[in-house]
Amino acid sequence: MAFAPSKGKKNKKKEEAGLSLNSMMDMMTIILLFLLKSMSTSGALIRPSPYLELPKAERIMEPKKAVAILITADGVLEDMESDPRVLSARAEIDDPENVILPGLEGFLNENREFVLKTGRPFKGEITIQCDKGVTYDWLLKVINTCGQTEFATIDFVVIKVET
Amino acid sequence: MAFRPSDKRTNEDQDTEINITPIMNLMVVLIPLLLSASKFTELALLEYLPPAEAVAAETAGAPPSEGEGDKIEKINLLLNLVESGIQVSIFESVEEGPNFYEIPRLSSGNYNWSTLKDSLWSIKQTHVGEPIGTEDVTNELTGEITQISKYRVIDGEEASITAVSSTTFQTIIKVMDTCRYKTVGNVQKPLFPFTILKQFQ
């Protein structure tokens with residue numbers, strides 16, 4: 001036989017349990033303000049390529065838009081969001097005869113001529129995203145090719161670290 | 001004497017709450033949007049001027065000024081990254097001594113960056129000194145005018161870097177970073193911010 005409910009419990013009124021959104025609102029406001037503060041427009045100009053790992057450096061120069069290339073373990077590539085075009089393959093860079101890389105040279109010449117045709121001033125700026133493991137001889141060949149094609153200001157993309 | 005409230009006023013004050021559900025909906029949309037757009041690794045640029053441009057920047061622009069004739073000395077600072085450490089050479093010296101020495105690697109195998117920075121600071125203090133003035137340099141391509149410091153030696157802000165071919169890009173960036181500034185107290189003092197990458201001899 002079941003016990004009879006106590007009289008006190010029997011007379012207890014059921015209260016409605018409401019969800020308080022106030023604390024949730026406070027939290028959301030704080031997160032929103034934090035995200036708004038940390039957001040900047042300059043980061044959208046350059047996106048780190050998924051095809052390489054960037055080095056770290058203590059620099060404060062802001063990114064800017066220019067002709068962009070990637071130097072990865074597979075060679076020199078055009079900086080594109082997906083499926084980047086190979087400008088100079090490994091074999092071409094490793095060839096000791098190639099002080100200037102023909103593929104990259106052609107690409108940079110095309111870019112320069114395009115800018116000159118449109119009547120805009122040619123600034124000779126190039127942005128390079130280079131994998132941190134790329135060797136010095138590869139780097140020198142790319143720099144030589146850039147210099148040869150009048151791209152005289154080279155900006156290396158790095159991950160900024162606090163000093 | 002104050003009026004007595006009328007007997008008809010019997011309705012009680014009701015608690016009115018703001019409806020925050022629409023604001024919550026807005027927040028729920030905004031936060032994922034901002035999270036996807038925000039960047040957590042901050043990118044920056046490290047500017048490099050190839051040798052021809054660096055030399056042009058050095059010589060172009062400013063007309064000869066007072067004391068120009070005295071600027072005949074060149075320091076020719078060269079940092080050579082080899083397997084055993086970093087060779088530091090000034091005045092094109094190749095004989096071991098105060099003008100040519102090697103900073104060996106640390107026991108961990110890494111290059112000794114702090115000793116290199118101290119060494120560069122010492123060279124800057126001893127052989128370059130404080131700036132004796134400024135000069136305007138015009139970039140021929142962009143037409144931009146930049147002001148650079150003038151020292152009693154022509155290449156007072158310049159360092160050449162060579163490395164064995166297997167040296168990684170991260171190491172090169174680290175050398176370039178080390179050559180730029182030294183923090184003295186709370187002030188960043190320039191060392192040799194214009195670096196030139198050269199072929200290993």
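In what follows, chains are A, B, ... by sequence order, proteins preceding strands, each numbered from 1. Keep in mind it's a predicted model, so treat the numbers as computed, not measured.
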- request: Measure up the B/F91 and B/H127 rings against each other and bin them: parallel (under 30°), tilted (30 to 60°), perpendicular (over 60°).
  value: perpendicular
- prompt: So which of A/L54, A/N144, A/L139, A/I71 has the biggest tally of heavy-atom pairs under 4.5 Å with chain B?
  reply: A/L139
query: Any donor and acceptor pair, going by atom type alone, linking the side chain of B/R105 with main-chain N or O of B/E83 inside 3.5 Å?
result: yes
- request: Could you tell me which of A/K56, A/E53, A/M24 has the largest number of non-hydrogen atom pairs under 4.5 Å with chain B?
  value: A/K56
task: Apply salt bridge (charged side-chain N to carboxylate O under 4.0 Å, His left out) to B/D118 and list each qualifying residue two or more places apart in sequence or on a separate chain.
output: B/K182
- prompt: When heavy-atom pairs shorter than 4.5 Å are enumerated against chain A, which of B/T168, B/I173, B/T183 gives the highest number?
  reply: B/T168
task: Please answer whether the main-chain N or O of B/Q170 pairs with a side-chain N or O of A/K132 as donor and acceptor at a distance below 3.5 Å.
output: no
field: chain A interface, residue from B/V28, B/I31, B/L30 that has the most non-hydrogen pairs under 4.5 Å
entry: B/I31
message: When you measure from the side chain of B/T178 to the backbone of B/W113, do you find a donor-acceptor pair of N or O atoms at a distance under 3.5 Å?
response: no
query: Relative to chain A, which segment of B/I172 carries a heavy atom at a distance below 4.5 Å: side chain, backbone, both, or neither?
result: side chain
